[in-house]
Amino acid sequence: MRYRELGKTGLRVSELGFGTIPILSGHVPVLPKYYSPDTETAVAVMKKAYDHGCNFYDTAIPEEYGDAEAKLGEFVKTVDRNTVIISDKARFYGGGDIYREVIRSIENLGTRPDIYFVHQVDESNADEVFGKSGALEALYDLKREGRIGFTGIASHYYSVLYRAALDPRVDILQGSGNILERGMLDRIRDEEVFRNKGFILNKVYAAGLLIGPFLPAELIGGILGYPFSCALLGVGTFEQADVAFAREYPPLEFSFEEVTERLGRSFEPLCCDRCEKCVCPYGHEIHTSFRQFNYYHLGKEFWAINKLKMDFANTYEHCRSCIDRVCMKDCPRHLDIPKEIERINLLIRAYGV
Ligand code: SF4
Ligand code: SF4
């Protein structure tokens, strides 16, 4: 296992980390597959990763990751606490709420989290999170009180991560990307301000959907050239722990065209890399629809169609009649965005909704 610096924290983290969604039990409406191991098995899977050199474990509160947080707490009791780094998170945006959640997480884990993230920050809640009495201010207080080690902002949005990178109260960022959805990673790599923060990468396997068209070695090797601190891999079984952590994968160079060509063997992918440069002045979040189109064809039909339906009719009608089409101005993939929107509309209609 190779190790990397976690921003300016002084921590060294394993290049690949353990994402705990697949070990949760029960029903939590999250995207990836989970395996519902009992606590004893889940602890043993985490121990296997640890024995391979993994020292970074990422979880979230019970409403988001079920009993994974408590299982992680049980695992940590079995090893030297100083040899593992615990990353936790909660989807609360007000200071009082997240303060309460951190105290509860400490109880569930039986130890203080090394990092605590405000989870899923987006444009609709960012002002609250970053503002006075917001979640970030509370995390900063909790850090000064010694209840958490470091503060973090987790988001799928480049604009939010950029704002967090400029904020001196934030130690670590968490964002998503993989060899297909690499646009945000390219922007983070090229923007100097991100070098001051630790960066945790998630969705390397695209919630498991890219496994099949690609081998884990290709998905992992293909992102190693990016300047992240730790890339999380969802692990739910002993076999997955071996695949993720037992060997050091060599970095691989995959062009975006090679990736879409490989996907094109089974469907016609929408060649969007999710760079999020296509800002629509009317508020349509088209890159999210583009992602769901690809996810539909990669095996998440029901989930993707339900997501696509939400507000899509409005986007479709607006794009059809849009004249200025400013969203296309900065698209590095030169996509004809209204035409791609039409393709999504045909998919939704073919599905009978
Ligand atoms: S075509 Fe017009 S309405 Fe549609 S996303 Fe682009 S700018 Fe927005
Ligand atoms: S449509 Fe173009 S600009 Fe928008 S996220 Fe995709 S690649 Fe980037």
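Just follow the structure's listing: the first ligand is 1, and inside any ligand the first atom is 1. Just so it is clear, the structure is predicted and the values come from calculations on it, not from any experiment. When reading the values below, keep in mind they use all heavy atoms of this one structure, side chains included, and skip hydrogens, waters and symmetry mates.
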Inset, instruction - Just jot down the ligand 2 atoms closer than 4.0 angstrom to any heavy atom of Leu335, in number order. - result: 1 (S)
Inset, instruction - Verify the distance criterion only: is there a donor paired with an acceptor across the side chains of Asp324 and Tyr282 at less than 3.5 Å? - result: yes
Inset, instruction - May I ask you to check if any N/O/S atom from Cys319 comes under 2.8 Å of atom 4 (Fe) of ligand 1? - result: yes
Legend entry - Arg100 charged N/C atom sitting above Phe92 aromatic ring, 6.0 Å / 45°: yes
Legend entry - Atoms in ligand 2 with a heavy atom of Phe290 nearer than 4.0 Å: 1 (S)
Inset, instruction - Assign the ring pair His119 / Tyr65 to parallel, tilted or perpendicular, where the plane angle (0 to 90°) is split at 30° and 60°. - result: perpendicular
Legend entry - contact_flag Ile337 ligand 1 heavy-atom lt 4.0 Å: no
Inset, instruction - Considering the heavy atoms of His287, write down every atom of ligand 2 situated less than 4.0 Å from one of them. - result: 5 (S)
Inset, instruction - Is it possible for you to check whether Arg4 lies under 6.0 Å from the centre of the six-membered ring of Phe228, through NZ or CZ, and within 45° of that ring's axis? - result: yes
Inset, instruction - Taking both backbone and side-chain atoms into account, decide whether Cys275 has an N/O/S atom under 2.8 Å from atom 8 (Fe) of ligand 2. - result: yes
Legend entry - Stepwise side-chain contact (heavy atoms from CB on, under 4.5 Å) test for Leu109 and Glu69: CA-CA 6 Å; Leu109 289 164; Glu69 188 181 56; 3.9 Å; yes
Legend entry - ligand 2 versus Asp273: contacting region, heavy-atom distance under 4.0 Å: both
Inset, instruction - Just let me know how Arg274 lines up against ligand 2, side chain, backbone, both or neither, with a heavy-atom cut-off below 4.0 Å. - result: backbone
Inset, instruction - Compute both the distance and the angle, then confirm whether Arg169 meets the cation-pi test with Tyr140: under 6.0 Å from the six-membered ring centre, within 45 degrees of the axis. - result: no
Inset, instruction - Could you tell me which atoms of ligand 1, counted from 1 in the order shown, lie closer than 4.0 angstrom to a heavy atom of His284? - result: 3 (S)
Legend entry - Under 4.0 Å to a heavy atom of Glu276 - the qualifying atoms of ligand 2, by number: 5 (S), 8 (Fe)
